[in-house]
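All remarks here apply to the structure that follows.
Treat the numbers as computed from the prediction; the structure is a model and nothing was measured. Order of the sequence lines fixes the chain letters, A, B, ..., with proteins taken first and strands second; residue numbering starts at 1 for each chain.
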Amino acid sequence: MDIVHEDLVPDPGLDREEMLACQDRIRERASFQTPRSLIERLSADDLIVAGVDQSFPDDDVVSAIVALAAGEVIDRAVVRQPVQFPYIPGLLSFREAGAALTACTALDVELDLLLVDGNGRLHFREAGLATHLGVVLEQPTVGVAKRLLCGTLVDPPEPPYPTGTRVEIRGGEDTPTARNKLLGVAMQTRQWDHPDRHINPVYVSPGHRISPDHAADVVERCVVDRKLPEPIRAADQLASEAARD
DNA sequence: GCGACAG
DNA sequence: ATCTTGTCGC
């Protein structure tokens, strides 16, 4: 994987206004449609999907990326560098993308798709971490978040949702550029049998070069026995253990 | 001014 | 994200 748009790499040194302008440019370049070539690959049994995730030991950021095909790890990379920007909702890319991009560059295998911890189009300016990475790398990406950042659930059922439930998330007052647009879906990837206590859904959104439906399809396919898709779990695990040494 | 807010 | 033991429920 290579950085295609060096000028769009999020710079932690920019001021807030410049960061917002950068995200506006990302939104303008992002595509939320699935290319014909990817649609064909989505049904292949050797689909190559990677997950990327970050951990923050002390004042460093560790980024780990793990690529899987047919349930097997086929490539991985880990990078560590000083953290350069704080966590600010809506500006996550400026904290995590630098390290994540370096990790992506260190990967040898060519991916069909990259799963990212966080949002894609499900973002105040439709430019979440998954979208930013996708545009800079010109790589199909999907965002998977554990909590809802913005947008409104359309006709949500009463929790707990049964496994397989998908609820549309559309833009509202908090997403001025995407009013009433389909930004992503709340997806129940796993659920307990008894409504005693329940598992929350994950929030899936297209990052770049994929549609909301196909994004959800891929996440569903990558989920094995857990709430989160395997590539992200593997990356999460690798980033955590790499943070200890 | 108040609320809401991925990791 | 990170700091951290026990503990509730299948």
Answer with base, sugar-phosphate or nothing: what part of the nucleic acid does A/Gly90 contact at a heavy-atom distance below 4.0 Å?
-> base
Base, sugar-phosphate, or nothing for A/Tyr203, non-hydrogen atoms under 4.0 angstrom?
-> nothing
Given atom CG of A/Asp59 and atom C1' of C/dT2, what is their separation to the nearest angstrom?
-> 12 Å
A/Tyr87-B/dG7 aromatic stacking (under 5.5 Å, under 30°) | yes
Sugar-phosphate, base or nothing in reach of A/Asp117, heavy atoms under 4.0 Å = sugar-phosphate
Does A/Asp193 or A/Glu96 map to a spot on DNA chain C nearer the 5' end, using the closest nucleotide for each?
-> A/Glu96
Take atom CD1 of A/Ile169 and atom P of B/dC5, then tell me their distance rounded to the nearest Å.
-> 13 Å
Grab the CZ-C1' distance between A/Phe124 and B/dG3 for me, whole Å please.
-> 12 Å
Can you check whether A/His123's main-chain N or O pairs, donor with acceptor, with A/Glu126's side chain at less than 3.5 Å?
-> no
Rounded to the Å, how far apart are A/Asp236 CG and C/dA1 P?
-> 6 Å
Where the side chain of A/Asp75 meets the backbone of A/Asp108, is there a donor-acceptor pair that is under 3.5 Å apart?
-> yes
Between C/dA1 (C1') and A/Ile232 (CD1): distance, integer Å | 15 Å
A/Arg147 CZ - B/dC5 P separation (whole Å) | 7 Å
Residue-phosphate contact under 4.0 Å: A/Arg95 side-chain N/O, B/dG7 OP1/OP2 | no
Give one of base, sugar-phosphate or nothing for A/Leu122, where a contact means two heavy atoms less than 4.0 Å apart.
-> nothing
Test item: A/Arg125 side-chain N/O and A/Gly90 main-chain N/O as donor-acceptor pair under 3.5 Å = yes
Within this structure, what is the CG-to-P distance between A/Asp53 and B/dG7, rounded to whole angstrom?
-> 9 Å
Selection from B/dC5, C/dA1, C/dC10 that lies nearest to any side-chain heavy atom of A/Phe56 = C/dA1
Side-chain (A/His132) to main-chain (A/Leu8) donor-acceptor, under 3.5 angstrom = yes
Please report, rounded to the nearest Å, how far the P atom of C/dT2 is from the CZ atom of A/Arg244.
-> 12 Å
Quick check: does any side chain N or O of A/Asp174 sit under 3.5 Å from a backbone N or O of A/Gly151, one acting as donor and the other as acceptor?
-> yes
Within less than 4.0 Å of OP1 or OP2 of B/dG7, is there a side-chain N or O belonging to A/Lys146?
-> yes
Result for 5'-nearest mapping on DNA chain C, choosing between A/Arg197 and A/Ala243, is A/Ala243
